[in-house]
Amino acid sequence: MAAYDHKKVEQKWQKRWEDSQAFRVSDSPKKKLYVLDMFPYPSGSGLHVGHVEGYTATDIYSRYKRMQGFDVLHPMGWDAFGLPAENYAVKTGVPPAKTTNDAINTFRAQIKRLGLSYDWSREIGTHTPEYYKWTQWLFVKFFNEGLVYKKKALVNWDPVDQTVLANEQVLPDGTAERSGAKVVQKELEQWFFKITDFADALVDDLDEVDWPESTKINQRNWIGRSEGAEIEFDISNSKEKIKVFTTRPDTIFGATYMVLAPEHALVEGFAERSENKSEILSYVEAARNKTDLERQEGQKDKTGVEIQGVKAINPASKEEIPIYIADYVLGHYGTGAIMAVPAHDERDHEFAEKFNILIKEIELKDPKEMTKKVGGTWVKNYRLRDWLISRQRYWGAPIPIVYDREGKAHAIPEEQLPWMLPTDVEFKPTGTSPLGQSKELLERTEKIFGKGWKPEIDTLDTFMCSSWYFFRFADPHNEREFASKEAMQKWLPVDLYVGGAEHTVLHLMYARFFTKALKKFGIITFNEPFLKLRHQGTILAEDGTKMSKSKGNVINPDEVVERYGADSLRLYEMFMGPFEAMKPWNTQNILGVRRFLERVWTIFENEQGFMQDSPSVEKSQETALHQTIKKVGEDIENLKLNTVVSELMKFISHNGLQRANVEDTRRVREIFLALLFPLAPHIASELAEIYNYKIAHWPAYDNSRLTSATVPVAVQVNGKLRATIELAADVGEGEALQAARTDANVAKWLALGKEVRAVYVPGKVINFVIGQS
RNA sequence: GCCCGGGUGGCGGAAUCGGUAUACGCGCUCGACUUAAGAUCGAGUUCCGUAAGGAAUGUGAGUUCGAGUCUCACCCCGGGCACCA
C-alpha cells in the first residue's frame, strides 16, 4: 500500500461526506443532542486557528455522540452583520453585502477542509432577508409585549466625522479612535430592550446551568444585584424629600452630608433657591459634557459643589446636614442620590476630607431594624442597565418602525417583513444614519403607510441577531415562524455550547434574556438556552504573544492543512494543552502528531507490526485495553481532549499495547480505529475501509476486566520509596505486609530502626514507619 | 483596588476523594540503516552524584505515616470588573 497521503485521503472523504449528506440530522430524533459552536463573524482575514480549536472540540464530541446512537444537531452559520464590512465599504466603496458573501464563501470552504461534521442543510446567515425578517419580527413582538421602548440617551458623538460612536471606539483620553476628535456627549432618541425586567431571573437561573464558574461570576457582577434600603431625607423648610439608596442603613448616624448626581431631578429647583446658583449650574454643565470615561478618570480627584442655603435632615440623628452635587454619584444607579458616610465609605471619606465636611465616628446598628426606624423600605438594586439597541449604522437589520405624521412610532406589520435594507446608500460618514440617505426607503414607507410617514433609519445592534440564532437552527427554513414550537421542543435547549471567553457577558446575557422573554410569551417552555458551556483558550503565537497581523505571527490554518493535513491539525490543536487554557503555538509539535498518524498508517499496513496474534492471552494487556476505552470516552465527555490524544498515542506506542499479546488482533485494531475516528476521521475512515473494519459504533468496555489480577504496590519506609512489589489485587493486609518485609531492599531499611507502625493502602502503597535507633 | 484562574523537567504539558511526581509529545544525546544528509527504527533523557544515595512541583511555615494536591502568610503571571453607594 502507498504511503500516507493526507491530501488524497482527506479530499476523498470530504467529498464522500458531502455527496452523501452524511451529517444531515433526522427531523424526528429519537435521542436528541444539540451541539453548538458560537457562530463566527466572517471576517475578511479568514478562519483563525482559534476557531479551529473550538470547532474541532465540538466535532469530536458530536461524532463521539453519534457513535453512541444520538441524533446530533450540529449546525453552522454566519453572524454576518457588523462594522468591519461597513468600514471597509467606507474606505473602498465595495458594498458590505459583497465583502460579507465573499468572506462567507472563504470560511465555508476552510471549514469543510477541516472535515467538520456540520449539517450544512441548516446553514444560516444573519444578513439574509430570510433571516432578518425574523430578527425584525422578534423586535416587533418585544415591542408589542412592552419590552421595547424609546427614550433619550446620551451617546458618544464625534463632531468631526459627524457620527455616533460605540464606547469601544472612544479612546481612554476621550478622543475618537478614527478621527482623533474630542468626543462629546449628545442626547439622541434611542431604542432600548427592557432587559432589566429579567434581572432576578438572569442571576438566579445561573444556578441551574453547567457553565464555568468564572463566567457565572462575570454575569452576576455585570448584573450587580445588591440589597439595601431606600430612605427619604427631609429638606429644611420644604416639603421636598431626597430619596437615597444605601446598602448600609446601619451607618445612617454617620451620614453627615448628602450628594446628588448632577443629573438628579431636584438639582434645578435647589439651584434656584441657593445662594450660589451660577456655580451650581456651571458644575452641572461641565459634568454633562464629560464622557463616562472622563467621569471615571475623576476617581482619584473628586469634584463637587455645595448647594448653599439648602439643607437636609438626617432622619436618625435629626441633624441638619449639607447637600452637595458631585459627579462621583451616578444618575442612573439607585435613586441618583446618596447619604454620604465619610467614616465608613472610602469615596465619601475622600470627598469629605477635600471639602472639610464633618467625619462622624459611629456605632453600627442592625440594618433592617434601622431601615424600619427611619421609615425606609428594603429593596433590591441592579447595576445592569437596559440594552440600547439602536445603531447609527448601515450594515445591520433595519429597525422595523415607521413614524406617522405626528412622529408617533408604529411597528411595521408582519406582512411587510422583511423590512428590506436599502441599497441606494453611499458609505460615507454624513452625520446621520446612512439609511437616512435612501430615497427608496422613504418612498417605500410613504407608498405603504402614506404621505408624510417616515422610516426609522437606525439599524439593530448585531448582538440582537445573535441572540436568537440557536432557535433558528432547529427550523432554519421555516417561512411562517422564526422556528416552530415543535422544532424547538424537539431540539432545544442547546446541550453543549462552545465559544470564546470574550463573550462571557454580552452575547450570553442577551441570549438568555431572549430565552426568558420568549418563555414569558409562552412560546417556549425552558428557562435557559445553553445547558453546558465551555470556552476554548486563546492560542498564542510561537513567541508567546498574541497573534496579530501587524506582528506577522499569525498562523494560517490553510497552510497547516496543506502541509500536514486536517487530521494532524485537529489532533495537534487538541493535544496542545487543556482546552480552556491559553497556550502557545509550536510548529515542531505538529510533527509529533503527524508522526503518530504515519505510524498508525504503517502499522495497519504491516500485519506483523501491531499486536500479533498469539495463543497466550495476557490478562493485564486485555485490562489495559478496557481501561483505554473507558478513559478515552470519559475524557471526550469532559472535553479533556489533550489526554485523549495521549491515550491513543500510548495505545500504539512500542511500550504499550503494540507489544501486547491480545487474543484477537483484528478486534483490537477495530477498537483502536473507532477510538481514533472522532479525532482524526479521515484517516480512520480510510483505514477502516481498506482493511474492512467496522467503526460506526463506540466500543464498549467490560467493567469486570478493568482491574487486573496483580497490581504494583509501592513500599515506603518513613515515606521514602524503597521498592515496588507486585501483589495480588485482593491480597489481605497481613500477607501484603509480609511480602513487603521480605523484599531485600525494604528489609535493609527496616533494619535501621524499630518498626512503630505500618500503613497499608490496598493497590497503592505500604508505608513502614520506623523509629530512630 | 476588588473578583476569578494559574505557577510542575530545556519546552507544551500529565497526575488533585492526600498514596510510586514528571504520563504523552517536542527537543536533545547515543546507536542502527545510509557514500552522506534527511526520514525511519532502537536506547536514554528532572537535577546533583561513578555509585550507594540525596534533592526537587513559585517562596516560607503548618497538618499528616504520607502533601503538587489540604490550611495560613507571601511573591509572580494571566483574565475580568473598576466611583454601582
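Reminder, nothing fancy here: chain letters follow the sequence lines and each chain counts from 1.
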When the [atom1] atoms of [M] and [N] are compared, how many Å lie between them, rounded to an integer?
N      : M      : atom1 : result
B:rC65 : B:rA14 : C1'   : 27 Å
B:rG62 : B:rG68 : P     : 16 Å
B:rG42 : B:rG25 : P     : 11 Å
B:rA51 : B:rG6  : P     : 39 Å
B:rA36 : B:rG31 : P     : 13 Å
B:rU40 : B:rG49 : C1'   : 36 Å
B:rG13 : B:rC17 : C1'   : 24 Å
B:rC77 : B:rU59 : C1'   : 15 Å

Given atom [atom1] of [X] and atom [atom2] of [N], what is their separation to the nearest angstrom?
X        : N      : atom1 : atom2 : value
A:Leu752 : B:rG53 : CG    : P     : 11 Å
A:Lys640 : B:rA23 : NZ    : C1'   : 13 Å
A:Trp749 : B:rG53 : CH2   : P     : 6 Å

When you measure from the side chain of A:Lys216 to the backbone N and O of A:Val209, does any donor-acceptor pair fall under 3.5 Å? yes

Complement of [N], any strand, by Watson-Crick or G-U distances under 3.5 angstrom:
N      : answer
B:rU59 : B:rA73
B:rA51 : none
B:rG78 : B:rC4
B:rG68 : none

Is it true that [X] and [Y] have ring centroids separated by less than 6.0 Å?
X        : Y        : answer
A:Tyr510 : A:Trp387 : yes
A:Tyr572 : A:Trp585 : yes
A:Phe351 : A:Tyr257 : yes

| said: Looking only at side-chain N and O atoms, does A:Thr215 offer a donor or acceptor that is under 3.5 Å from a partner on A:His535? | reply: yes

Regarding the side chain of A:Thr643, the nearest nucleotide among B:rA85, B:rG13, B:rA14 is B:rA14

Taking B:rG19, B:rU40, B:rG53 as options, the one with an atom nearest any side-chain atom of A:Asn745 is B:rG53

When all nucleic acid strands are considered with a 4.0 Å heavy-atom cut-off, which category describes A:Val769: base, sugar-phosphate, or nothing?
sugar-phosphate

Notebook entry, point to check: Is A:Pro712 touching bases, backbone alone, or none of the nucleic acid, heavy atoms closer than 4.0 Å?
Noted result: base

